[in-house]
Structure formats: structure tokens, C-alpha cells
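Here the structure comes first, spelled out in C-alpha cells, and everything after it is commentary.
Keep in mind the model is a prediction, meaning the values are calculated, not measured.
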Amino acid sequence: MLFVEPRRWFSLRELGLGASLEHLSHGSGQLQLAGGVQGTLEPGGELLLESGELHWHWPLEQGRFAGSLPAAALGDELLISLRRGEQQCPWVAIRVLRATPAEVEQWRAFFAGEAPALPAPELERISHCALLQTAVQRLGDRPAPLAAFCERAASQELVVEAARLRHQGQFPSVLGEGPGRILASRLVLNWILLLVQEGRQRFVVFQGVSSSDAVLLPGLNLLLLVCHLEAGAARTCLAILSRTPEFFTPCQPARFGGYLVGHSRPYHCFYDGLLALQAVRKAGGLHSSDALFSKEDEAFVDLGRCLQLPQAHQRRSQAELNALTEENHLYMLQLGFWFHTRAEDPELRRLAAAVDAPLREAALSESQLEAIGALTELERCWPLLWVGITGQKRSWVEQVEGTAALLNALQKRYPKLGVVFDGWTPPLQSSDYHRQEARNDDRVIQKIIKRLTFKTRGRVGVIAGLPLLEKVRVGLSVDAFVANYTTGSLN
């Protein structure tokens with residue numbers, strides 16, 4: 001059996017072209033491809049296909065291509081390039097995998113409780129092939145075995161139930177057969193993966209933004225995507241897990257080892273993670289004996305101190321957290337629910353208010369800007385405007401020119417206008433990466449400041465790159481905000 005997957009796309013900007021791969025399939029011993037190229041092509045433009053030492057040249061007719069290749073001739077990768085005249089650029093690298101029907105069936109049967117062992121050797125290859133033919137469905141599709149679970153996936157209710165079941169080592173029912181037994185957990189890339197057994201079915205729950213971003217049920221040949229996870233990332237996570245097959249066959253079920261709270265993006269950390277923590281607290285699911293962890297690059301405040309919790313907020317590396325769970329047969333439970341889908345829910349607003357109050361108190365009492373009087377002149381301005389700058393994504397094309405023009409116009413109407421520029425927010429444990437991103441935002445901010453036509457001394461502040469609590473303190477003095485998407489603190 002042949003399996004193919006585009007693994008890397010290259011820019012064709014050098015050729016001034018665009019391209020689309022509209023069809024990619026295999027059957028009867030052939031790999032079929034079709035697509036089109038957008039842009040001006042000289043006569044003789046062609047597609048160059050390379051695999052191992054073999055080459056194929058396909059002419060482009062009116063910007064279109066279609067054809068097939070013998071599957072048996074392909075190596076582990078197929079590289080497709082575009083050639084125009086003397087210029088040639090790679091376009092897409094396609095991974096080529098092979099597995100026998102018996103290998104793929106044994107993978108399915110193990111998770112369905114029909115086979116005692118996983119296929120071997122080369123489990124990574126076999127699992128990846130199996131996932132490439134797995135049906136991918138989204139929450140709205142409501143696949144029949146998971147219809148009831150879909151009602152609560154990524155919700156506050158699911159998080160609270162998972163917390164309630166923690167000392168039984170169970171996860172809320174996915175298949176309708178009662179809570180499943182949590183066998184193991186491991187942090188992989190940006191997610192924590194739970195191995196769960198419910199009835200005869202053994203499956204994997206992906207936790208990241210929420211406590212159930214996705215569920216992979218190999219025994220049912222089904223991948224349910226809930227939020228913030230795509231099939232390619234799920235396949236990559238399983239490939240990594242498959243390098244240690246013993247993860248799927250633990251000698252004993254895992255015990256609850258603690259809650260994991262946080263995300264690399266402040267928005268998800270606070271709106272999805274901290275509100276979930278507060279919901280669990282409100283439901284009586286956070287005891288003083290429950291450990292509270294964050295990955296060291298996903299904690300923006302000390303939760304133990306800021307939320308006045310009895311337990312310490314432990315920040316550890318991903319490797320340290322995995323070692324803790326594996327050596328002690330523990331599992332971590334990620335706290336999070338998809339706030340975006342219920343942002344207007346009054347109950348969520350109350351949870352947000354309960355988190356806001358202690359964070360504001362901590363910001364007022366711990367701010368170094370406050371202590372050195374750095375806010376005094378800004379607080380004399382009116383109105384004091386917060387301007388969120390984004391240097392990474394979803395940025396306004398004319399962000400510099402447009403923001404400067406807006407501020408100059410506002411200052412004419414409000415002569416005492418003050419401006420606070422915000423941007424990147426680092427975690428408590430910063431790094432060269434976070435410092436570089438803050439500098440990138442600051443370069444954009446300085447370009448805007450140079451275009452301002454009014455006096456900026458004492459009336460313009462820059463907080464890009466500062467800790468989150470300092471930004472909260474500044475926000476308490478702000479009258480309004482302007483941003484091209486949301487504030488930089490929330491991106």
C-alpha cells in the first residue's frame with residue numbers, strides 16, 4: 001500500500017508565480033497529480049519531478065498540468081519544482097510511505113482491543129500510514145459514536161468533570177460507555193496526549209488550548225478535530241509517540257499527578273486556561289494537595305501568588321514534566337476550554353471577573369513601573385490610549401502609516417492625548433526568541449513614533465516586551481485601546 005503526504009511547500013516568489021496542487025491520489029500502481037500555475041509563463045515552462053535518481057519532465061499547457069507516475073519507481077520523497085527558462089525553484093516535497101494491509105490492520109485491531117500487540121518493527125512508519133487513511137471529522141460533523149461527547153467537547157463542563165474524576169484516574173466518557181481509564185500522558189510538541197481506555201477501545205486525547213482539542217480513535221479509524229489542531233499536527237505527534245511503543249502498553253494505569261495550566265500565547269493562557277482553572281476551583285476541584293504546573297515557557301504570572309492559592313505554581317521544562325510522569329506512573333490534566341465559542345455567556349463573565357480581581361491587585365502591589373514613578377506623567381494625559389502593535393501575524397498592511405495618521409488626527413482633537421504602545425509579551429522565563437520578537441515589535445513602534453507630529457516626551461510609552469503584570473498595571477490607567485486585531489498582549 002502506498003501513502004503520500006505533502007510535507008513542505010516552498011515559495012515561488014522568485015519566479016513571480018503561484019501554484020496549486022488540486023489532485024493527489026494513488027491507485028492501480030500509479031500516483032496521479034493535477035493542478036495549475038498562476039502567473040506569466042514563458043514558452044517551454046515545465047514541471048520537474050524528482051525521486052531518488054529518477055526525473056520526469058511535464059510540460060505546462062496553458063498553466064495546467066496532469067499526469068501519473070509509476071508508484072514502484074518512487075523513493076521516500078517526491079520533489080516537484082517549477083522551471084521557467086533558466087530559472088528553477090522547488091515547489092513542494094511529497095513524502096512517500098508504504099505499509100502492508102496486514103500492518104495497518106494490526107494497528108487498528110490493537111486499539112480496538114482485538115489484537116494483543118502493536119505491529120512491529122517500524123511502528124512510526126506504520127502509524128503514519130494508518131493515520132493517512134483515517135477519517136478526519138470535525139465537531140460539527142457529530143460522528144455517530146461520539147455524538148454525545150461532541151455536545152461537551154472543549155467546554156467548561158468537560159473540564160470540571162475531568163477534574164472531578166482525577167482521583168479515580170478517569171476521563172469523561174467519549175464513546176458513551178462510561179468514564180475511561182487514563183493509562184498514560186506525555187507532552188509532545190504543543191500538546192499533552194492522554195492515552196485512555198474506554199470499554200475495549202484505546203484512544204488518544206489531545207489537550208492544548210482545551211482539555212480536548214482532538215480525539216484519535218485508531219480502533220474506529222476516526223480522528224475528531226475539536227479546536228486548534230489540524231490532522232497534520234496530530235499525525236506528527238503520533239509519529240513522535242510511536243518512537244517509544246511502550247507508551248501505548250503501560251504496565252499499570254497512571255495516577256493523577258497534577259494540573260497543567262498555560263499556553264505559549266497569552267490569549268489562550270488567560271481566556272482559555274485561567275478561566276478553566278477558576279471553574280475547577282469554583283466546583284471544588286482544586287485542593288491544596290493538587291499540584292499545579294506550567295511549562296516554563298507558558299507561564300506569564302505566578303498563579304500561586306497572584307491568585308492566592310495554597311499550592312506553589314511549579315514551572316518546569318517539558319522534558320522535566322515528562323520525566324516526572326513517566327518515572328512515577330502519573331498523568332497531567334491540562335485545564336482549558338474554548339472561551340471563544342461562549343464569550344458572551346454570563347457565567348464565563350463571572351469567572352473572568354473572579355480572575356481579574358486578584359490579578360489587578362497583584363499588578364498594583366508588584367509593579368516596578370509604579371514603584372519608580374514611571375507612570376506619573378502618562379497618567380496626567382487624557383485620554384490615555386493603548387495601541388496594540390502586531391509584528392507577527394494579522395497585521396494591518398499600512399500599520400505604520402495608518403496608526404501614525406490616526407494618532408496625529410486624534411491629538412488635534414485631544415491636545416492632552418497620551419499613547420501607550422504595546423506588543424510582544426514574554427513568559428516569566430524569557431529567552432532570546434522572546435527578546436527578538438519584542439525587538440521586532442519595537443522597530444515597528446519606533447517607525448510610528450517618528451511619524452508623530454506632536455510632542456512625545458512624557459506622553460508616549462512603550463511596554464512591548466515587558467512582563468504581563470506590568471501591562472495589567474498600565475492597562476488600569478488607560479481610557480481606550482486601538483488595535484488591528486486584538487492587543488499585542490492577547491496575541
Side-chain angles (χ1 to χ4, degrees), residues 139 149-167 170-174 179 182 185 187 190-194 196 205-215 226-229 256-288 290-295 297-311 313-315 321 331-359 427 468 490:
L139 197 62
F149 174 76
C150 290
E151 293 286 345
R152 305 189 305 149
S155 71
Q156 173 186 338
E157 292 74 21
L158 188 84
V159 176
V160 171
E161 184 181 352
R164 180 176 59 80
L165 294 169
R166 69 195 184 283
H167 292 308
Q170 296 178 324
F171 190 80
S173 177
V174 171
I182 299 176
S185 76
L187 285 156
N190 297 323
W191 293 271
I192 184 165
L193 277 57
L194 300 182
V196 181
V205 177
F206 293 76
Q207 301 188 317
V209 169
S210 78
S211 294
S212 57
D213 287 3
V215 182
V226 178
C227 65
H228 295 283
L229 181 67
F256 176 68
Y259 291 120
L260 192 65
V261 183
H263 194 276
S264 59
R265 295 182 180 175
Y267 176 97
H268 292 311
C269 181
F270 284 85
Y271 282 89
D272 300 310
L274 260 64
L275 295 197
L277 175 62
Q278 180 60 28
V280 168
R281 289 180 71 190
K282 184 178 179 182
L286 181 64
H287 298 163
S288 59
D290 293 325
L292 187 62
F293 295 97
S294 289
K295 286 197 284 184
D297 57 349
E298 295 187 354
F300 294 88
V301 297
D302 186 313
L303 297 178
R305 189 176 72 250
C306 291
L307 299 184
Q308 302 169 11
L309 301 176
Q311 60 267 83
H313 180 195
Q314 302 180 58
R315 300 181 289 278
L321 289 169
Y331 75 88
M332 298 284 178
L333 184 66
Q334 177 86 33
L335 295 183
F337 59 78
W338 202 6
F339 172 83
H340 172 72
T341 59
R342 296 170 55 191
E344 300 304 320
D345 187 329
E347 171 61 19
L348 297 195
R349 296 283 174 168
R350 286 189 285 271
L351 290 176
V355 172
D356 273 354
L359 284 178
L468 192 131
L490 299 183

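Remark: His313 pairs with no residue by the ring-ring contact (aromatic ring centres under 6.0 Å, His included) rule, at least two apart or across chains. Partners of Arg315 under the salt bridge (charged side-chain N to carboxylate O under 4.0 Å, His left out) rule, at least two apart in sequence or in another chain, are Asp302. The ring-ring contact (aromatic ring centres under 6.0 Å, His included) test applied to Phe171 returns no partner, not counting sequence neighbours. Applying the ring-ring contact (aromatic ring centres under 6.0 Å, His included) rule to His287 yields no partners; only residues at least two apart in sequence or on another chain are considered. Considering only residues two or more places apart in sequence or on other chains, Phe300 meets the ring-ring contact (aromatic ring centres under 6.0 Å, His included) condition with none of them. Shown here are the side chain to side chain contact (heavy atoms under 4.5 Å, CB included) partners of Leu139, two or more places apart in sequence or in another chain: Cys150, Ala153, Val226.
If you take NE2 on His268 and NE2 on His228, they are separated by 4.0 Å, rounding to the nearest 0.5 Å. We find the OG-CZ distance between Ser185 and Phe256 to be 10.5 Å, quoted to the nearest 0.5 Å. Residue Leu286 holds its CG atom at 7.0 Å from CG of Leu292, rounded to the nearest 0.5 Å. Considering CD of Gln314 and CG of Leu321, their distance stands at 9.0 Å, rounded to 0.5 Å.
Nearest heavy-atom pair, Glu298 versus Cys269, reported as atom, atom and distance to 0.1 Å: O-SG, 3.8 Å. For the residue pair Ala291 and Gly257, the shortest heavy atom distance occurs at CB-O, 3.7 Å. Across every non-hydrogen atom of Leu307 and Pro358, the tightest pair is CD2-CG, 3.8 Å.
In this structure a side-chain-to-backbone donor-acceptor pair under 3.5 Å is missing from Asp213 to Leu229.
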Discussion item. For Phe293 and Tyr259: C-alpha separation, side-chain torsions, deciding distance, then whether ring-ring contact (aromatic ring centres under 6.0 Å, His included) applies.
Written reply: CA-CA 6 Å; Phe293 295 97; Tyr259 291 120; over 10 Å; no
